*Asks:* 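Let me give you the structure first, and then I'll get to my questions.
Everything numeric here is computed off the predicted structure, so don't read it as measured data. All residue numbers in this chain count up from 1 along the given sequence.
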Amino acid sequence: MISAYDLLVIAQLPHVGPGRLRQLVSHFGSTSDAVRATAREISSVPGYTRRLSVEIARALKGPSMPAYRQYAERQLSRLNKLNGTIVTYWDPSYPELLRKIYDPPPFYFQLGEYREEDNSSIAVVGTRSPSEYGIRITEQFTREFARLGITVVSGLARGVDTAAHTTALRSGGRTIAVTGSGLDVVYPPENRNLTGRIRHHGAVITEYDMGAKPDAANFPRRNRIISGISLGTVVVETDLRGGAMITASMALDQNREVFAVPGSVATRSSRGCHALIREGRAKLVESVDDVLEELSPRLRPPAGSPHQPGRAAREVSLFEKNIYDQLTDEPTHIDRIAELSKTLPEDALVSLLSLEFKGLIRQLPGKRFARA
């Protein structure tokens with residue numbers, strides 16, 4: 001059994017960081033067994049030396065233990081006042097994408113709910129001081145993602161992050177905010193109301209303790225969760241040293257897709273995006289189509305989920321119905337679909353990918369489509 005209380009206790013032990021905590025609990029299979037373990041038993045855990053094992057065993061039975069337990073009780077009490085939860089690495093609800101990164105958090109604090117549908121998520125990040133163009137592009141991409149049922153992930157910071165979360169909610173979509181402070185320390189403070197809205201249509205998550213301040217050192221580690229929980233990351237505007245550049249680098253390290261929106265060569269806020277594109281580290285994207293072309297095979301409804309054609313059919317837009325009506329069980333090339341529906345190929349592609357995501361059609365090699 002995995003106890004959040006025990007995890008909070010173990011996390012206070014000397015020389016036990018996130019990686020060692022995961023190793024310790026995974027080895028014993030339960031937090032209670034880990035807390036009761038002897039030095040000899042702990043030394044059998046990979047990466048634990050005899051000396052470290054003795055030090056940890058002593059700490060678990062030493063004079064500091066009451067303070068560790070008191071800390072855990074205070075943390076849970078503060079979390080309960082917000083009706084929050086702790087999600088652990090061993091929980092079934094822990095995001096599968098996040099579990100696959102190099103250093104996933106052994107547990108995190110959460111407001112709201114992470115759902116299975118959130119496994120189809122894309123991060124949208126950028127500068128805290130975006131231009132009007134940057135805001136417009138953020139809203140355009142996020143609105144389309146929400147319409148397609150794709151969860152938008154960002155960091156709740158000022159600027160692009162705030163625009164991404166707000167637009168996702170306004171468009172009826174879901175959004176995940178990953179913060180660099182405790183859940184009870186909203187940063188920036190003007191996003192307190194936004195945080196409340198997100199918890200009802202997504203989740204706010206952080207690996208930082210209740211009461212943790214938004215220290216500058218927290219945000220790079222926060223960024224690895226933003227990219228780690230997402231299939232891909234879209235960078236809208238950022239300077240060469242912006243936080244979004246860190247998120248992009250981490251996404252690449254995690255073998256995730258990175259997309260960059262080009263901007264004006266005359267603005268500093270586009271230099272980071274241009275560098276990512278120029279160095280071949282990100283794909284240049286001008287519309288959501290470019291993102292979906294890369295990620296659509298992975299942006300499918302969860303395996304085993306019941307498909308209800310009648311319900312899905314009622315949820316399609318007029319544009320999607322026009323496209324769907326041109327399809328049969330025989331594969332049809334996108335150019336022919338565009339011709340039959342009297343639309344541009346790029347417009348037809350948006351509707352086709354939306355229909356595919358809803359399970360109504362299937363895509364075949366060579367940009368051919370057929371009814372599912």
*Asks:* Return yes if some donor-acceptor pair links the side-chain N/O of Tyr114 with the main-chain N/O of Pro95 below 3.5 Å, else return no.
*Replies:* no
*Asks:* List the steps and the verdict of salt bridge (Lys or Arg N to Asp or Glu O under 4.0 Å) for Arg158 and Glu190.
*Replies:* CA-CA 9 Å; Arg158 295 184 177 98; Glu190 62 266 26; 2.6 Å; yes
*Asks:* Can you tell me how far apart CZ (Arg268) and OG1 (Thr238) are? Round to the nearest 0.5 Å.
*Replies:* 11.0 Å
*Asks:* Between the side chains of Ser181 and Arg222, does any donor sit under 3.5 Å from an acceptor?
*Replies:* no
*Asks:* Is there side-chain contact between Leu183 and Met210, with heavy atoms separated by less than 4.5 Å?
*Replies:* yes
*Asks:* In sequence, state the C-alpha distance, the side-chain angles, and the governing distance for Asp118 and Ser121, and then conclude on side chain to side chain donor-acceptor pair (under 3.5 Å).
*Replies:* CA-CA 6 Å; Asp118 297 325; Ser121 61; over 6 Å; no
*Asks:* Keeping Thr175 on the side-chain end and Val152 on the backbone end, is there a donor-acceptor pair under 3.5 Å?
*Replies:* yes
*Asks:* Please determine whether side chain to side chain donor-acceptor pair (under 3.5 Å) holds for the pair Thr88 and Asp91, giving the CA-CA distance in whole Å, both sets of side-chain angles, and the decisive distance to 0.1 Å.
*Replies:* CA-CA 5 Å; Thr88 81; Asp91 290 341; 3.1 Å; yes
*Asks:* Taking NZ, NE, NH1 and NH2 as the nitrogens, is one of them in Lys283 or Asp290 under 4.0 Å from a carboxylate oxygen of the other?
*Replies:* no
*Asks:* What do you reckon, is CZ of Arg40 surrounded by more than 12 foreign heavy atoms closer than 6.0 Å?
*Replies:* no
*Asks:* Establish whether Leu349 and Phe145 are linked, either directly or via other cluster members, by ILVMFWY side-chain heavy-atom contacts under 4.5 Å.
*Replies:* yes
*Asks:* Just verifying a value: how many Å separate His274 NE2 and Ser264 OG, rounded to the nearest 0.5 Å?
*Replies:* 7.5 Å
*Asks:* With respect to Ser154, which candidate in Asp161, Thr138, Thr162, Thr142 satisfies the side chain to side chain donor-acceptor pair (under 3.5 Å) definition?
*Replies:* Asp161
*Asks:* Could you please spell out the steps behind the side-chain contact (heavy atoms from CB on, under 4.5 Å) verdict for Ile176 and Thr151?
*Replies:* CA-CA 7 Å; Ile176 306 293; Thr151 299; 3.7 Å; yes
*Asks:* Honestly curious: do Val258 and Val236 fall in one hydrophobic cluster under the side-chain, below-4.5 Å linking rule?
*Replies:* no
*Asks:* Check which hydrophobic residues are tied to Phe219 through side-chain heavy-atom contacts below 4.5 Å, counting indirect links as well, and list them.
*Replies:* Tyr187
*Asks:* Run Glu139 and Arg136 through salt bridge (Lys or Arg N to Asp or Glu O under 4.0 Å) and show every step you take.
*Replies:* CA-CA 5 Å; Glu139 292 175 343; Arg136 187 172 71 252; over 6 Å; no
*Asks:* Would you say the side-chain atoms of Ser270 pair up with the backbone N or O of Thr267, donor to acceptor, closer than 3.5 Å?
*Replies:* no
*Asks:* When you measure from the side chain of Asn322 to the backbone of Ser341, do you find a donor-acceptor pair of N or O atoms at a distance under 3.5 Å?
*Replies:* yes
*Asks:* Any side-chain to backbone donor/acceptor pair from Gln254 onto Gly228? Under 3.5 Å, distance only.
*Replies:* yes
*Asks:* Mind checking side chain to side chain donor-acceptor pair (under 3.5 Å) for Arg143 and listing every partner two or more places apart, or none if nothing turns up?
*Replies:* none
*Asks:* So does Glu55 pair up with Arg58, basic N to acidic O under 4.0 Å?
*Replies:* no
*Asks:* Calculate, to the nearest 0.5 Å, the distance between atoms CG and OG1 belonging to Leu111 and Thr85 respectively.
*Replies:* 7.5 Å
*Asks:* Can you tell me if Gln110 uses its side chain to pair, donor with acceptor, with the backbone of Ala203 under 3.5 Å?
*Replies:* no
*Asks:* Quick one: do Ser131 and Glu237 satisfy side chain to side chain donor-acceptor pair (under 3.5 Å)? Show the steps, please.
*Replies:* CA-CA 8 Å; Ser131 64; Glu237 279 187 330; 2.7 Å; yes
